[in-house]
Amino acid sequence: MTYDLAVVGGTLVSGSGRQRADIGVSGGRIVEVTAGNGAGLEAKEVVDATGKLVLPGMVDVHVHTREPGYTHKEDLITCTEAAAAGGVTTIFGMPNLDPPTVTRTHLEEVLDLYAARSIVDYNHNPVPAHGETEAMAEAGVAAFKVYMVVDTGRTYPHPAGTGIHDHGHLLQMFEDVEETGRVFMVHPHDQALMDHVEQGYWKRDDRSPEAYAKTLAAYDGIIWDTATATLLRMAKATGCRLHIVHVQTIEGIEMIRRAKDEGVRVTGEVNHWALFLGTWEDVLELGPYCLSYWVPDHHRAAIWDALADGTIDMVSSDHAPHTRAEKDVGWEDMWAAHTGTPGIQHQVPLLLDAVHGGKLTLERVVELTAEAPARCFDIGSKGYLRPGFDADLLIVDPTKEWTIRNEDVLSKIGWTPYDGRQVVGAVERTFLRGVEIYGDGTVKGRPGLGRHVKPSD
Ligand SMILES: [Zn+2]
């Protein structure tokens, strides 16, 4: 048959290995994967990937698109342009928008915006507000999201309705999400402990980035670990599938490992900043620009180990763009700054660079960025370069040396904490369902191309 697209001459990488093979694509799906030299694959368009790697597009389950409500920072077009350039072909958006996604009506409004504006495929995680979860699950969400955070001294990034303190309320959410069969994604945090620790700094009038970093890392991660223990116990009690975001402590990793051994249905993610940013040197040099969090070196080492051994299931960007003005206030008062860093455009290249540096295998990167997120969130059409799956694929040059620069940032904010960093490994072209959305250094996908991918699609 004559395919719409053939990708020939490349080395296909999966979680279990790599092979020289060619891909035939029709109707946006992979129809044929044939080991060999590509002779015989006829197509309207042939992409020569000789000497290159072919990877499945990244499924990034943790993205702050900022639309609706905060489009001065980012919007669905700029966010998904950055995604396309960064080798991300599916995103899950987060509910801390304005209005926050806490009802089915708001959810449908958000999904309409993606349909009109997203360049990549998408899903969206609403808050599991009581009485709304079943209706929201029916609308096709793959997961729900809540923060165990209620901000002090600012109203963002955790606006009312998206964060909770109350453990009874949290348990109710576990019960409700369990009934839907979907995944519950939670940001672990103990606000009472944070309040106590931060008071010590505030009494000394110290609101510096260093004080903020030390507060969240106090007692070797107590603010994280107590919350993680609570979440795991609730997952065990209810049988709800739990996804823990921002794993960043040794104790947290150990608790997840034990819970998995016991049969608790839990997955964990780390974010690019825990791997490539957030050293103490970064805190001193970049201050608000590298925070949310400081990840002390002994924790970072444990995270790399847990990535390699499978305790941590996936990497997500937690792409969290903020303007320079929203960051710069943090030099004086980090508690007034918006926390989080952008990352969707650079996480795949940074992971390729980590492969080059011998920190991780390429196969494991494919598992962490594509296979595991698609599998853990029941997105049956994504994550694998196999017949029947969507033709979401990346052409990667693993030897290309280049420098990350603010000038090349596609996110509306125009900066990256990685400005000036040299990496080896680049995404050359990105295809979504067989359509090139990034190549030759430019975004080629058009807003509205993205589709809502639903669980078991
Ligand atoms: Zn986040």
Side-chain angles (χ1 to χ4, degrees), residues 58-67 69-70 73-74 76 79-80 82-83 86 88 90-98 100-102 110 122-128 141-151 154-164 183-189 191 194 212 216 223-224 227-228 231 242-249 252 267-278 288-295 303 312-322 326-327 337-347 369 373 377 411 413 416-417:
M58 178 165 181
V59 178
D60 189 344
V61 301
H62 189 160
V63 179
H64 298 277
T65 66
R66 307 305 190 205
E67 182 173 358
Y70 303 93
K73 300 174 194 272
E74 189 79 296
L76 281 161
C79 179
T80 56
V88 175
T90 302
I91 62 167
F92 287 10
M94 296 296 115
N96 55 335
L97 302 168
D98 187 12
T101 323
V102 295
V110 175
Y122 56 85
N123 203 295
H124 187 79
N125 298 351
V127 173
V141 304
F144 294 88
K145 167 80 184 273
V146 84
Y147 305 84
M148 294 169 77
V149 186
V150 178
D151 281 327
R154 62 184 171 216
T155 55
Y156 202 80
H158 309 105
T162 64
I164 52 166
V183 181
F184 192 17
M185 186 186 275
V186 189
H187 173 131
H189 181 85
Q191 187 71 33
M194 172 119 178
Y212 185 89
L216 276 151
I223 287 170
W224 296 97
T228 298
L231 291 173
L242 168 65
H243 179 73
I244 300 180
V245 304
H246 309 324
V247 177
Q248 57 184 292
T249 65
T267 50
E269 76 174 40
V270 296
N271 314 108
H272 65 91
W273 45 257
L275 302 169
F276 307 112
L277 204 66
Y289 286 86
C290 81
L291 295 169
S292 306
Y293 312 111
W294 166 40
V295 182
I303 291 168
I312 292 171
D313 299 271
M314 66 193 79
V315 176
S316 307
S317 69
D318 184 22
H319 178 66
H322 299 290
E326 289 162 343
K327 284 295 192 185
H338 291 184
T339 62
T341 55
I344 201 166
Q345 191 176 340
H346 300 117
Q347 69 194 334
T369 58
F377 290 87
S411 179
I413 54 171
T416 163

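Ligands are counted one by one from 1 in listed order, and the atoms in each one are counted from 1 as well.
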For Ser292, enumerate each residue passing the side-chain contact (heavy atoms from CB on, under 4.5 Å) test, keeping only those at least two apart in sequence or located in another chain. Thr339
Main-chain N/O of Leu291 paired with Lys327 side-chain donor or acceptor, under 3.5 Å: yes
Would you please classify the geometry between the His246 ring and the Tyr293 ring as parallel, tilted or perpendicular, with 30° and 60° separating the classes? tilted
May I ask you to check whether Ser317 and His272 show a side-chain donor-acceptor distance below 3.5 Å? no
Quick one about His64 and Lys73 (side-chain donor to acceptor, distance below 3.5 Å, no hydrogens or angles considered), yes or no? no
CA sep, side-chain torsions, deciding dist, call: Arg66, His322, side-chain contact (heavy atoms from CB on, under 4.5 Å): CA-CA 9 Å; Arg66 307 305 190 205; His322 299 290; 3.1 Å; yes
Protein N, O or S atoms lying under 2.8 Å from the Zn ion (ligand 1), listed by chain and number: His62 NE2, His64 NE2, Asp318 OD1
